[in-house]
Amino acid sequence: MNKLAVWRGRPYPLGATWDGEGVNFSLFSEHADKVELCLFEQRGRREIARIPVRWQTDQIWHCYVPEARPGQLYGYRVHGPYEPRQGMRFNPNKLLLDPYAKQLIGQLMWSDALFGYRVGSAREDLTMDRRDSAAGMPKCRVIDTAFSWGDDRPPRTSWHDTVIYEAHVKGFTYLHPQVPQRLRGTYAGLASYPVIEHLQHLGITAIELMPVHAFVDDRLLVQKGLRNYWGYNSIGFFAPEMRYSESGTVGEFKSMVKRFHSAGIEVILDVVYNHTAEGNQLGPTLSFRGIDNTSYYRAMPDNPRYYMDFTGCGNTLNMVNARVLQLIMDSLRYWAIEMHVDGFRFDLAATLARELYDVNRLSAFFEVVNQDPVLSQVKLIAEPWDLGAGGYQVGNFPPGWTEWNGKYRDSVRAYWKGDGGLIGELGYRLTGSSDLYEKSGRRPYASINFVTCHDGFTLRDLVSYNDKHNEANLEDNRDGEANNRSWNCGVEGPATDPAIVQLRARQTRNLLATLVLSQGVPMLLAGDEFGRTQTGNNNGYCQDNEISWVDWRLAEENPDIIELVQRLLKIRRAHPSFRRRSFFQGRPIRGAAVKDITWLSPNGNEMTDEEWSKAFARCLGMFLAGDALGEDDDRGLPLRDDDFILLLNAHHDQIDIIIPASPAAGIWNVVVDTSRSDGGSADQRTFSAGGRFPLQGRSVALLIRSKRPLLAQDSVEVPKSATIPTSAEQTPQGG
C-alpha cells in the first residue's frame with residue numbers, strides 16, 4: 001500500500017465510512033494548517049502510509065481511499081501552531097485518535113512521548129515534545145457496520161413501569177459461577193442466560209450500564225497498580241470499550257443488546273460527554289487536544305492556556321461550539337440507531353447546560369435533543385449536578401428528561417438513620433417529589449429514585465459503616481464522600497453479634513421497601529439484592545478487583561433479600577397505586593368519594609399541620625385510595641386498584657397504629673412487614689378498621705384492602721385467615 005490512490009471524498013459523514021468499495025475519511029479541525037491520515041499494518045505497530053488530506057470543506061478535512069477495507073487501522077497527525085498561551089496545541093509528532101472512530105484497537109501504553117510538551121521541562125507545557133507517540137497509542141479501526149438485527153424491537157417500557165438496575169459490564173459477571181469462564185467480564189457474558197434470568201426473576205425492566213465508551217486508565221493510577229475501573233474517562237464517543245469484548249468485535253455489543261431486548265429488558269448507557277481523558281493543560285495529547293484544542297475544550301477567556309473545569313477532571317467539552325454539539329448529537333444517534341440502545345444517563349449533565357458560566361436549563365443542547373425525532377423518543381436521564389458554581393440542578397431539567405434524585409437518596413438515608421424532623425421532606429420523596437417536578441409539567445416518573453448507586457456505599461455497607469474506608473485507593477482515605485448519612489447499627493464493619501446482624505438485615509429491608517414502594521422510578525445497584533459489600537470503600541472507581549466485583553456466592557447466602565425484592569417489585573407491577581402517572585392531589589379525583597392520598601397519624605386520624613412539624617416525629621402513614629387514581633390506562637379505561645396503607649417507623653420502639661375507620665372500613669391484610677425476617681411473605685394477620693396495628697420499631701408495613709381477586713397472574717398472594725380481634729391485648733405483636 002505504498003502507492004495508494006487517494007480521491008477527494010466527501011465531508012460527510014464524519015469519521016471513517018466503508019461504503020462497500022472503499023473508505024471515506026473525514027475530520028473536523030477549524031484551526032489546523034495541514035492534516036495527515038496515517039495507515040497502519042494489521043497489528044498496529046508499523047505505519048505503512050502517510051496520506052496528506054488535501055481537501056477541505058467547511059473546516060472539514062476529507063479524502064477517499066478506494067483500496068482501504070474494514071479492519072484497516074488508522075490515526076491522524078494534525079499540523080498547526082503550537083502556542084499554548086493562546087490555547088493552540090498542535091503537534092504533528094503525536095498520533096491522534098479520530099473522534100468519530102467506531103472501534104479502537106490496543107491499549108494506551110503510558111510514556112512521556114504521549115504528551116505534546118516536554119514533561120519535566122523548566123517551562124512545562126510550553127515546550128513542544130517532538131517524539132513520535134504512535135508506538136504507545138491505540139489505533140482506530142475501520143468497521144463494517146452490517147449486523148443481522150432480525151426482528152429486534154425495543155421494549156419501549158413506559159417510564160411509570162420502568163425498574164432500573166445499575167451494573168458494571170465486567171464487575172457484574174466476572175465472578176458469576178454459571179457464566180462460562182471465557183465470557184466473564186464481557187458483553188457476551190452480560191447477555192448470557194444466567195444473568196438475564198436473574199434480572200427477569202427480580203422484575204427488572206432496564207439495565208443501566210456504567211460507561212462503555214472507549215476510555216483510558218489514568219497514568220497516576222497505572223503507576224500505583226490501579227485502573228480506572230468505572231470508566232468515566234472517555235476518549236471515544238462512538239467506540240465500545242474493547243476490554244469488555246470477548247470476540248474483539250463491535251458486533252458483540254449489538255448481540256448483547258439484541259438478547260436483552262428479546263428478554264424484554266431495555267439497555268441504558270451511562271455516557272460521559274462533559275469531559276475527556278486528556279485532562280488539564282498538563283494532560284496527554286491523544287485526540288481532541290491535538291486536532292483543535294480551542295474548538296473542543298472550554299478555555300479560560302483571559303488565559304486560554306488553561307481550561308474551564310466544571311467536572312473536576314481537568315477539562316470541559318466546549319458545548320458552545322456547534323461542531324462539538326454535533327459530535328455529541330451524532331454519537332447519541334449512532335448508539336440509538338446503529339446500536340439499538342434504549343436510553344442514556346448523562347454524567348454531570350449540568351455541565352452540558354452551561355452556555356458560559358451559568359447553568360441554563362434551556363441551553364442549545366437540550367433544545368437540540370428535544371426537537372430530535374430519534375433522541376426525543378429514547379429514555380433521557382440526567383445526573384443533575386456538576387462541580388461548578390450553581391451546578392446542583394435537581395428538579396431544573398426540562399420536560400422530557402428524568403433525573404437522578406439526589407434529594408430522594410439523602411432524605412431516605414437520613415430518615416432510616418434515625419434523624420428527626422424529616423417526615424415532611426420524606427412525604428415529598430415518597431410521593432414522587434412534586435415539589436421538584438410538578439411546576440415544570442413533569443410527572444412522578446421524572447424522579448429516578450435511588451438509595452445507592454455506583455458512587456458511594458453499597459446497601460450492605462450503608463447499614464454497616466459510619467465512615468468511609470478507602471485506604472485501598474492509596475489516597476490516604478481523603479477521597480470519597482464523607483457525609484454518607486449511614487449508620488453501622490452499633491459496630492463498624494463486619495459484626496457477629498446476632499442483634500446487630502438482625503438490625504442490619506431489617507434496615508436493609510426498610511430501605512428496599514421504601515425504594516420500591518415510592519412513586520417514581522426505582523433504581524437498584526447491582527448486588528444490593530443479595531448483600532454485596534465493598535468493605536466500606538465508597539469510591540471504588542479505581543478498584544478493578546474483588547472490592548468492586550459482584551460476589552455471586554452472596555446470592556446463595558442471602559436468598560431472603562432476593563425474594564423480598566422480587567415480591568416488592570411484583571407488588572409494584574401489579575398495582576398502579578405505586579406507579580402513578582400523575583401526582584397526588586390530596587383531594588377526591590374525578591368523582592371519587594375519597595382523597596387520592598390521606599396522611600395518617602398513629603391515632604388513625606389525618607395528620608395536622610402541627611404533627612408534620614414535630615422534630616421528634618419518626619413515624620408516617622399513608623392511605624392510598626385505589627378508586628382515586630385519577631388517570632386512564634393505555635386503553636382509555638379508568639384505572640382501579642385496591643386500597644393500601646403504607647406505614648413507616650424509624651423510631652426504635654413499637655408504635656401502635658389505629659387502622660382508620662373512614663375511609664378505610666373493611667378487612668386489611670398484611671402483605672409487607674420488614675420487622676419479620678421474611679419481610680412478611682408468610683404473614684397471616686388481618687385487621688379490621690379501628691383495630692391497632694403493632695408497627696415495630698424501625699420497620700415498614702404495607703396493608704391491603706382488596707377489591708378484586710388477589711391471585712391474578714401478576715398479583716400478590718395474600719394468605720386468607722380469620723380476622724384478628726381488634727383489642728390491643730389480643731393483637732399479635734409481630735416478629
Side-chain angles (χ1 to χ4, degrees), residues 412-420 422-423 426 451-452 456-469 484-517 525 527-538 551 553-565 567-568 602 616-620 647-657 670 672-685 692-702 728 731-735:
V412 170
R413 284 186 176 193
Y415 173 75
W416 286 114
K417 176 176 174 285
D419 294 349
L422 287 174
I423 60 171
L426 183 67
V451 176
T452 57
F457 281 145
T458 67
L459 186 57
R460 178 172 173 177
D461 290 353
L462 189 67
V463 300
S464 303
Y465 294 91
N466 283 349
D467 303 304
K468 59 187 173 72
H469 296 270
N484 294 285
R485 298 173 177 84
S486 61
W487 178 44
N488 63 19
C489 298
V491 173
E492 188 75 354
T496 57
D497 185 335
I500 293 177
V501 171
Q502 291 173 14
L503 178 56
R504 288 177 176 177
R506 182 182 293 193
Q507 288 286 80
T508 297
R509 294 192 292 270
N510 291 338
L511 290 161
L512 288 169
T514 304
L515 175 64
V516 176
L517 298 177
L525 175 63
D528 274 356
E529 71 274 20
F530 47 75
R532 184 174 78 89
T533 178
Q534 293 184 170
T535 62
N537 191 318
N538 75 348
D551 184 355
R553 294 174 299 181
L554 295 171
E556 298 180 0
E557 297 175 11
N558 301 298
D560 53 323
I561 311 178
I562 297 176
E563 292 170 2
L564 176 65
V565 173
R567 195 158 56 85
L568 287 168
F616 62 82
R618 287 170 173 78
C619 181
L620 190 62
L647 303 171
L648 301 92
N649 180 16
H651 187 50
H652 59 83
D653 281 337
Q654 173 182 314
I655 298 177
D656 288 342
I657 307 293
V670 181
V672 174
D673 187 344
T674 62
S675 69
R676 301 187 172 215
S677 60
D678 64 355
S681 62
D683 206 318
Q684 298 292 317
R685 295 172 296 168
R692 294 179 180 271
F693 179 81
L695 182 61
Q696 300 299 305
R698 299 193 178 99
S699 72
V700 176
L702 180 67
T731 302
Q733 296 301 300

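This is a predicted model, so every value here is computed, not measured.
Distance check: Leu503 CG to Asn510 CG gives 9.0 Å after rounding to the nearest 0.5 Å. Distance check: Ser681 OG to Glu563 CD gives 7.0 Å after rounding to the nearest 0.5 Å. Remark: Tyr465 OH to Thr533 OG1 distance equals 5.0 Å, nearest 0.5 Å. In this structure, the separation between CZ on Arg460 and CG on Leu511 is 15.0 Å, given to the nearest 0.5 Å. Remark: Leu695 CG to Asp653 CG distance equals 11.5 Å, nearest 0.5 Å. Summarising the geometry, atom CZ belonging to Arg485 is positioned 11.0 Å from atom CG belonging to Leu462; distances are rounded to the nearest 0.5 Å.
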Practice problem: Any chance you could lay out the side chain to side chain contact (heavy atoms under 4.5 Å, CB included) test for Ile657 and Cys619, step after step, and finish with the verdict? | Solution: CA-CA 10 Å; Ile657 307 293; Cys619 181; 3.8 Å; yes
Exercise. Determine, step by step, whether Val463 and Trp487 satisfy the side chain to side chain contact (heavy atoms under 4.5 Å, CB included) criterion, reporting the C-alpha distance in whole Å, the side-chain angles of both residues, the deciding distance to 0.1 Å, and the verdict.
Key: CA-CA 5 Å; Val463 300; Trp487 178 44; over 6 Å; no
Self-check item: Pair Thr496-Val501, side chain to side chain contact (heavy atoms under 4.5 Å, CB included): steps then yes or no
Solution: CA-CA 7 Å; Thr496 57; Val501 171; 5.9 Å; no
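Applying the salt bridge (Lys or Arg N to Asp or Glu O under 4.0 Å) criterion to Arg413, with sequence neighbours excluded, gives no partner residue. Considering only residues two or more places apart in sequence or on other chains, Asp419 meets the salt bridge (Lys or Arg N to Asp or Glu O under 4.0 Å) condition with Lys417.
Heavy-atom minimum distance, Pro694 versus Asp656: CA-OD1, 3.6 Å. Nearest approach of Arg618 to His651, heavy atoms of both residues: CB-N, 3.9 Å. Between Arg567 and Gly679 the shortest heavy-atom distance is NH2-O, 2.9 Å. Considering every non-hydrogen atom in both Ser486 and Asn466, the closest pair reads OG-O, 3.5 Å. The two residues Ile500 and Ala495 make their nearest non-hydrogen contact at CG2-CB, 3.8 Å.
Between Gln534 and Phe457 there is no side-chain heavy-atom pair separated by less than 4.5 Å. In this structure the side chain of Val565 never reaches within 4.5 angstrom of the side chain of Val516, judged on heavy atoms. Asp560 places none of its side-chain heavy atoms less than 4.5 Å from the side chain of Asp678. Side-chain contact check for Leu459 versus Thr452: some heavy-atom pair is nearer than 4.5 Å. Counting heavy atoms from C-beta outward, Leu568 and Arg509 have side chains that stay 4.5 Å or more apart. Annotation: side chain of Arg676 is in contact with side chain of Asp683 (closest heavy-atom distance under 4.5 Å). Counting only heavy atoms from C-beta outward, the side chains of Ile561 and Leu512 approach each other to under 4.5 Å. Between Tyr415 and Leu648, the closest side-chain pair of non-hydrogen atoms falls below 4.5 Å.
Of the charged side-chain nitrogens involved, none lies within less than 4.0 Å of a carboxylate oxygen, so that Arg532 and Asp551 do not count as a salt-bridged pair.
If you check the side chains of Asn538 and Asp461, you find no donor sitting under 3.5 Å from an acceptor. Between the side chains of Glu492 and His469, at least one donor N or O lies within less than 3.5 Å of an accepting N or O. Donor-acceptor pairing under 3.5 Å is lacking for the side chains of Ser464 and Asn488.
A side-chain donor-acceptor contact under 3.5 Å links Glu529 to the backbone of Gly527.
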